Each structure stands twice: as C-alpha cells, then as structure tokens.
Amino acid sequence: TSEYNGVKIRNETDNIKLTEEMLVPNVNINTKNILIYHTHTCESYTPTEAYTYKASGNFRTTDLNCNMVRVGRELTKYMQHYGYNVIHDETIYDSSYSSSYDRSLKGVAKLLEENEDTDILFDIHRDAIGDSSYAPTVKIGDEEAAQLMFVIGSNGGGSEHDNWNENLKLAIKIQEKANELYPGLFKPIILRDSRYNQQLAKGASIIEVGATGNTMEQCLVSMKYLSKV
C-alpha cells in the first residue's frame with residue numbers, strides 16, 4: 001500500500017513501482033465535461049420495497065430503474081446541478097458479460113468523437129461479490145451511504161496506456177477532497193494491470209458503488225456526496 005496525504009493506494013500490479021512523484025495530484029485536465037457510463041450495466045443490489053426487480057442473473061437486472069443506470073442518473077442529476085456538462089450513456093453493454101469491455105470501448109470511443117474536450121470518464125460499477133453478506137457503508141450525518149472505491153487500470157499488463165498515471169492522479173485528487181469532507185466515503189484506491197478502457201482519456205476511472213448487500217437507497221445517497229466532492 002502506498003499513501004499520499006491520507007489517500008491509500010493498493011498496488012495490485014505485477015511490475016509497477018509507485019514513486020512519490022506518481023502520486024502527487026498535479027492534474028491539468030478539462031473538468032467541465034463528464035461522460036458517465038456503465039460497462040457492467042446490469043449489476044444491481046439487494047432489493048427493497050422501492051427497488052424490486054426481475055432478475056436476469058445473480059444480482060443483475062435489465063431494469064434500468066434498479067441497475068447501475070439508476071445510480072448514474074442520480075450522479076448525473078447532481079453533477080448538472082453543480083454546472084457540469086454531463087453525458088450519461090445508458091447503453092446496456094453486458095448482455096454478454098465476457099465481451100462487455102469490448103462493447104463499451106466502441107460505444108465510449110464513438111461518444112468521445114462526438115463530444116470533444118471530454119477528459120473525465122466515470123465507469124460506474126458495483127463490487128462484484130455475488131452474495132448479500134457484504135454491504136460497505138459509511139454514516140454521513142443522519143444518512144447511510146454505500147462506500148465507494150476507485151479502480152484504476154495501468155499498462156502493467158503490457159498493453160499501451162499512456163494515461164494511467166494521470167488517471168491515478170485525478171482519483172487521488174478527488175479522494176483527497178472526499179477524505180476532507182466525508183471521511184470513510186471512499187475505500188483505498190486499487191491499481192491493477194488491466195486497462196479497463198481507461199486509455200481513452202486522461203481522467204478515466206472505474207468507481208465501484210457499494211456491493212450486492214447494499215440497497216439502491218444507500219447508493220443514491222452516495223451519489224449526492226460524490227457529486228459534492
């Protein structure tokens with residue numbers, strides 16, 4: 001584990017050694033435009049009375065009101081409130097789970113061609129644990145929010161990815177502010193060998209929102225605080 005000003009980074013790569021300079025969040029990117037999408041669109045949560053769904057797999061549904069699209073809609077609403085230009089891609093990319101990243105790569109690349117000067121890509125997921133036993137939460141005021149986690153790809157697996165360090169720096173910068181405003185909202189950042197299509201921009205990341213044991217209500221609360229950060 002590396003650390004920068006209280007932000008912890010779990011380095012799960014095989015060959016990358018993180019230096020102090022790699023962690024300094026001196027990013028210079030366009031923050032006005034944001035693209036939100038969901039490679040694993042159908043991921044869902046423990047059902048509640050307000051968010052009951054027809055399952056299409058284990059904690060998965062094509063019901064856009066109960067899967068990751070609903071979480072993305074909430075984040076989009078709040079981000080627009082703060083003046084950001086947000087594109088929310090609601091395409092279901094995981095009708096075939098094994099090729100979902102291939103599909104989202106094509107879809108997001110096309111959206112970037114149509115929307116120049118978009119540096120920030122948030123691929124909103126949930127933790128992949130497949131039962132309801134794990135539900136990471138944090139208390140913020142009187143509300144219970146699902147915990148969040150950045151997953152940052154790299155070129156550690158040998159694939160070309162010139163943006164990975166800038167992606168990591170942006171995640172550190174965001175989490176630094178989150179730790180100041182809402183301690184415990186984020187779990188440590190994970191750095192991995194796979195690219196996760198983050199080579200497409202210099203402000204790209206996966207944000208995992210809760211886990212299967214969390215409820216949609218807890219995840220929507222998280223989006224309110226994430227947008228504030």
Side-chain angles (χ1 to χ4, degrees), residues 31-56 59-94 100 104 107-108 111 115 118-129 132 134-151 170-171 174-175 177-179 181-187 203-229:
T31 60
K32 187 67 178 172
N33 304 316
I34 295 174
L35 172 57
I36 296 170
Y37 69 103
H38 315 278
T39 295
H40 294 156
T41 323
C42 296
E43 290 176 329
S44 57
Y45 299 96
T46 295
T48 62
E49 186 176 343
Y51 293 97
T52 300
Y53 55 84
K54 179 181 178 182
S56 59
F59 290 97
R60 297 173 58 78
T61 183
T62 56
D63 182 345
L64 300 187
N65 192 52
C66 294
N67 63 22
M68 301 316 299
V69 168
R70 177 66 185 89
V71 180
R73 287 173 178 170
E74 194 78 355
L75 181 57
T76 297
K77 176 186 75 175
Y78 283 116
M79 295 299 286
Q80 288 173 337
H81 170 76
Y82 289 119
Y84 291 91
N85 299 319
V86 183
I87 303 157
H88 183 205
D89 180 10
E90 298 190 359
T91 305
I92 292 179
Y93 286 118
D94 58 347
S100 51
S104 66
V108 172
L111 286 169
N115 299 274
T118 302
D119 288 342
I120 297 182
L121 312 181
F122 290 145
D123 188 1
I124 308 293
H125 292 238
R126 64 142 167 79
D127 194 298
I129 290 174
S132 59
Y134 181 52
T137 58
V138 60
K139 197 82 179 289
I140 301 177
D142 294 327
E143 295 183 292
E144 203 168 60
Q147 279 189 303
L148 311 176
M149 182 172 68
F150 278 114
V151 179
L170 179 63
I174 294 171
Q175 192 153 328
K177 178 56 72 172
N179 289 352
L181 295 177
Y182 310 115
L185 179 60
F186 275 92
K187 296 184 285 185
S205 62
I206 285 175
I207 302 178
E208 291 192 353
V209 181
T212 46
N214 288 104
T215 64
M216 180 62 76
E217 286 89 344
Q218 292 169 338
C219 297
L220 299 183
V221 168
S222 298
M223 295 303 94
K224 176 172 67 173
Y225 293 112
L226 173 61
S227 64
K228 181 66 173 175
V229 171

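Bear in mind the structure is a predicted one, so any value in this text is a computation, not a measurement. Just the heavy atoms: all of them, side chains too, but no hydrogens, waters or symmetry mates, feed the values below.
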Taking every non-hydrogen atom, the tightest pair across Met68 and Tyr45: CE-OH, 3.2 Å
Applying salt bridge (Lys or Arg N to Asp or Glu O under 4.0 Å), name anything that partners Asp94, two or more places apart in sequence or on another chain. Arg60
Quick one: ring pair (Phe, Tyr, Trp, His ring centres under 6.0 Å) partners of Phe122, sequence neighbours excluded? none
Looking at Glu43 and Arg126, would you say the former's side chain and the latter's main chain have a donor-acceptor pair under 3.5 Å? yes
Please name the pair of heavy atoms, one in Ala145 and one in Ile140, separated by the smallest distance, quoted to 0.1 Å. CB-CD1, 4.3 Å
Where Asp127 and Lys187 come nearest, the two heavy atoms and their spacing: OD2-NZ, 4.1 Å
Mind checking what makes side-chain hydrogen bond (donor to acceptor under 3.5 Å, both in side chains) contact with Lys177, not counting sequence neighbours? Glu180
Ring pair (Phe, Tyr, Trp, His ring centres under 6.0 Å) partners for Tyr225, two or more places apart: Tyr182
Can you tell me how far CD1 of Ile124 sits from CD1 of Ile206, rounded to the nearest 0.5 angstrom? 10.0 Å
Set out, in order, the CA-CA distance, both residues' side-chain angles and the distance that settles side-chain contact (heavy atoms from CB on, under 4.5 Å) for His125 and Val209, then state yes or no. CA-CA 6 Å; His125 292 238; Val209 181; over 6 Å; no
Could you check whether any side-chain N or O of Ser222 sits under 3.5 Å from a backbone N or O of Ala146, counting only pairs where one atom can act as donor and the other as acceptor? yes
Evaluate the criterion side-chain contact (heavy atoms from CB on, under 4.5 Å) for residue pair Leu170 and Ile174; output intermediate values, then yes/no. CA-CA 6 Å; Leu170 179 63; Ile174 294 171; 4.0 Å; yes
Within-4.5 Å side-chain heavy-atom neighbours: Leu35 and Leu111: yes
Test side chain to side chain contact (heavy atoms under 4.5 Å, CB included) applied to Ala171 - qualifying residues, sequence neighbours left out: Phe150, Ile152, Ile189
Salt bridge (charged side-chain N to carboxylate O under 4.0 Å, His left out): pairs with one or both residues in residues 209-229, sequence neighbours excluded: Glu143-Lys224
Just wondering, do Ile120 and Thr31 contact through their side chains at under 4.5 Å, heavy atoms? yes
Atom of Ile36, atom of Thr76 and distance for their closest heavy-atom approach: CD1-OG1, 3.6 Å
With sequence neighbours left out, the residues meeting side chain to side chain contact (heavy atoms under 4.5 Å, CB included) with Ser44 are Tyr53, Phe59, Thr61
Which is it for Leu226 and Leu148 under the side-chain contact (heavy atoms from CB on, under 4.5 Å) test, yes or no, and what are the steps along the way? CA-CA 9 Å; Leu226 173 61; Leu148 311 176; 4.0 Å; yes
Counterpart residues, ring pair (Phe, Tyr, Trp, His ring centres under 6.0 Å), relative to Tyr37 (two or more places apart): none
Looking only at heavy atoms, the pair that brings Met216 and Asn67 closest together is CE-O, 3.5 Å
SG of Cys219 to CD of Glu208: how many Å apart, nearest 0.5 Å? 11.5 Å
Could I get the full list of side chain to side chain contact (heavy atoms under 4.5 Å, CB included) partners for Ala135, not counting sequence neighbours? Asn214
Run the side-chain contact (heavy atoms from CB on, under 4.5 Å) check on Ser205 and Leu121 step by step: do they pass? CA-CA 6 Å; Ser205 62; Leu121 312 181; over 6 Å; no
Show every salt bridge (charged side-chain N to carboxylate O under 4.0 Å, His left out) that has at least one partner inside residues 63-80, sequence neighbours left out. Arg70-Glu74, Arg73-Glu90, Glu74-Lys77
Mind checking side-chain hydrogen bond (donor to acceptor under 3.5 Å, both in side chains) for Ser100 and listing every partner two or more places apart, or none if nothing turns up? His40
Closest approach of Ser104 and Thr39, non-hydrogen atoms and distance? OG-OG1, 3.0 Å
With rounding to the nearest 0.5 angstrom, report the CD1 to CG distance, Ile207 to Asp123. 9.5 Å
Please table the atom pairs, donor to acceptor, closer than 3.5 Å between any side-chain atom in residues 79-88 and protein atoms at least two apart or in another chain.
| from | atom 1 | to | atom 2 | distance (Å) |
| --- | --- | --- | --- | --- |
| Asn85 | ND2 | Asn33 | OD1 | 3.0 |
| His88 | NE2 | His38 | NE2 | 2.8 |

